[in-house]
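A note on names: the letters A, B, ... follow the listed sequences, proteins ahead of strands, and every chain is numbered from 1.
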Protein chains: 2
Amino acid sequence: MDKRTQIINTALSAFYLRGIHAVGINEILKEAGVAKKTLYNHFVSKDELICACLELRDQRFNQWLYEQLENCNTPFEVAYALFSALSAWIDNKVSELGPFNGCFFINTAAEFPHSEHPIAMLCKAHKESVLQLLFDKLSHTEQLKGQLEKTIQLAQLLMTLKEGMICQARVTHSSNTLLQDPVLLRQLIASSI
Amino acid sequence: MDKRTQIINTALSAFYLRGIHAVGINEILKEAGVAKKTLYNHFVSKDELICACLELRDQRFNQWLYEQLENCNTPFEVAYALFSALSAWIDNKVSELGPFNGCFFINTAAEFPHSEHPIAMLCKAHKESVLQLLFDKLSHTEQLKGQLEKTIQLAQLLMTLKEGMICQARVTHSSNTLLQDPVLLRQLIASSI
DNA sequence: TCAGGGGTAGACCGACTTGTCTACATTTAG
DNA sequence: CTAAATGTAGACAAGTCGGTCTACCCCTGA
């Protein structure tokens with residue numbers, strides 16, 4: 001494996017599971033089996049390495065989510081697939097995303113409060129791309145064809161519920177089955193269409 | 001003002017706005033105008049100071065939320081008051097809670113991933129107490145009298161939406177007006193009762 | 001008057017931080 | 001075969017971290 005991707009993979013795993021400020025460069029080097037000089041040949045600073053990790057995670061997460069929603073043709077199917085997928089992730093049943101420790105982007109944003117910081121901006125960008133993915137999926141359903149306002153509203157609602165579900169699971173260390181109830185879900189969607 | 005509360009107030013403000021690992025003891029001392037010895041007379045370690053901050057924040061936040069929901073007698077009123085209050089907080093219109101920077105407990109939990117850590121446990125406890133507050137409010141409404149299951153479900157739903165709203169506002173640095181729409185809110189609640 | 005509690009300022013400790021640099025080894029390309 | 005690029009190991013710099021400790025000050029109550 002390429003040294004650069006080797007470093008990013010190791011760093012991403014450590015940053016995600018233990019927090020960014022809590023993980024030092026030396027630790028990553030040791031675990032990745034790479035010399036310090038090599039790391040600083042590929043990245044000018046720790047911040048740049050963090051950015052590379054965020055980009056990789058963004059790509060992986062979006063790819064995974066895209067696949068989970070692939071065969072959904074109604075708003076209900078999208079919502080049901082979304083929350084089922086999140087639930088599986090929370091329960092550590094998704095190997096692509098690794099052991100669950102909340103949303104990497106929310107966690108990271110919490111450590112970089114300044115909104116103009118490149119790292120904070122990548123976190124924001126990730127959320128926008130996920131919202132866009134949900135919007136695209138919903139706007140291609142028969143039920144929402146041409147209903148731009150309703151589509152935006154539902155995408156926003158699903159997004160908010162997604163974030164809430166992830167954060168609750170992260171803080172309480174337990175998964176919330178509420179949003180996997182098809183009856184409730186159908187009613188939620190109906191109320192928003 | 002008592003030295004101890006002076007330290008806690010300064011520390012809470014700094015920890016909340018800039019993250020815990022990002023704020024050093026010396027900084028707090030300087031800002032609070034207090035000697036290091038004094039701090040370590042009151043707290044055996046930084047961790048204990050963090051715990052004191054979490055407890056103060058928990059008390060303040062719950063007090064504030066309790067007041068916001070005081071005159072609500074229907075599930076709709078509870079939900080509407082909740083999201084209006086959160087929106088005001090996000091828009092920096094709530095002086096009791098200070099400048100908005102997301103949920104202190106979610107932010108802090110992100111920096112202390114180990115679930116058995118005292119700090120992580122306080123974060124979890126806060127979420128449980130807020131959920132309890134919502135449940136109590138809802139269970140005293142005419143519409144939900146005796147409907148334990150429905151009450152739990154709605155409290156959970158509101159809680160998830162609350163967390164989602166806060167996290168989204170924190171990461172995207174913008175407030176989401178979706179949940180302040182009374183029409184949508186009524187339908188959401190109707191769907192859950 | 002004087003003892004003691006609580007305060008201040010800040011030196012100091014050892015461990016850790018990011019990042020630079022030297023000295024050497026290995027791989028790759030012409 | 002040789003020269004350049006890329007790797008390694010790790011010492012080192014300069015600074016920060018949490019936490020301890022000394023030395024001194026000031027207020028209060030007996």
In whole angstrom, what separates [X]'s [atom1] from [N]'s [atom2]?
X: I28(B); N: dT16(D); atom1: CD1; atom2: P; result: 16 Å
X: Q6(A); N: dT8(D); atom1: CD; atom2: C1'; result: 13 Å
X: D47(B); N: dG18(D); atom1: CG; atom2: P; result: 10 Å
X: L29(A); N: dA11(D); atom1: CG; atom2: C1'; result: 15 Å
X: D2(A); N: dG7(D); atom1: CG; atom2: C1'; result: 13 Å
X: K30(B); N: dG10(C); atom1: NZ; atom2: C1'; result: 13 Å
X: N41(B); N: dG19(D); atom1: CG; atom2: C1'; result: 13 Å
X: L39(B); N: dA9(C); atom1: CG; atom2: P; result: 14 Å

Using the rule that two of Ile, Leu, Val, Met, Phe, Trp, Tyr join whenever any of their side-chain heavy atoms come within less than 4.5 Å, decide whether L56(B) and W64(B) are in one cluster.
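The answer is yes; both residues are in one hydrophobic cluster.
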Hey, any chance F83(B) and I90(B) share a hydrophobic cluster, counting ILVMFWY side chains that come within less than 4.5 Å of each other, even indirectly?
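F83(B) and I90(B): one cluster.
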Table of protein N/O atoms under 3.5 Å from nucleotides 3-5 of chain D N/O atoms:
none

With a 4.0 Å limit, can you tell me whether T38(B) has a side-chain N or O closer than that to the phosphate oxygens OP1/OP2 of dT8(C)?
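Yes, T38(B) has a side-chain N/O under 4.0 Å of OP1/OP2 on dT8(C).
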Anything under 30° is parallel, anything over 60° is perpendicular, the rest tilted; go ahead and classify F104(A) against Y16(A).
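Correct class here is perpendicular.
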So do the side chains of H140(A) and K145(A) get within less than 4.5 Å of each other, counting heavy atoms only?
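The answer is no, as the side chains (C-beta and beyond) never meet within the 4.5 Å cut-off.
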If only side-chain N and O atoms count, and only distance matters, is there a donor-acceptor pair under 3.5 Å linking Q63(B) with E67(B)?
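The criterion, which ignores hydrogens and geometry beyond distance, is satisfied for Q63(B) and E67(B).
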Aromatic contact, H21(A) with F15(A) (centres under 6.0 Å):
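Ring centres of F15(A) and H21(A) not closer than 6.0 Å.
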Under 6.0 Å between ring centres: does that hold for H126(A) and F61(A)?
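They qualify: ring centres under 6.0 Å apart.
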side-chain contact (heavy atoms from CB on, under 4.5 Å) for S87(A) and T177(A)? Distances and angles first, verdict last.
CA-CA 8 Å; S87(A) 181; T177(A) 57; 5.9 Å; no
What does K3(A) touch in the nucleic acid at a heavy-atom separation under 4.0 angstrom: a base, only the sugar-phosphate, or nothing?
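Here K3(A) touches the backbone only, sparing every base.
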Among the candidates dG7(D), dT8(C), dA9(D), find the nucleotide nearest to the side-chain atoms of V34(B).
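The listed nucleotide nearest to V34(B)'s side chain is dT8(C).
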For nucleotides 16-18 of chain C, give me every protein contact, N/O to N/O, under 3.5 Å, one pair per line with atom names.
| from | atom 1 | to | atom 2 | distance (Å) |
| --- | --- | --- | --- | --- |
| dT18(C) | OP1 | I25(A) | N | 3.4 |
| dT18(C) | OP1 | K46(A) | NZ | 2.9 |
| dT18(C) | OP2 | I25(A) | N | 2.8 |

Taking all heavy atoms of E48(A) and all of H42(A), pick out the closest pair and write down the distance.
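So the minimum-distance heavy-atom pair works out to OE1-O, 3.9 Å.
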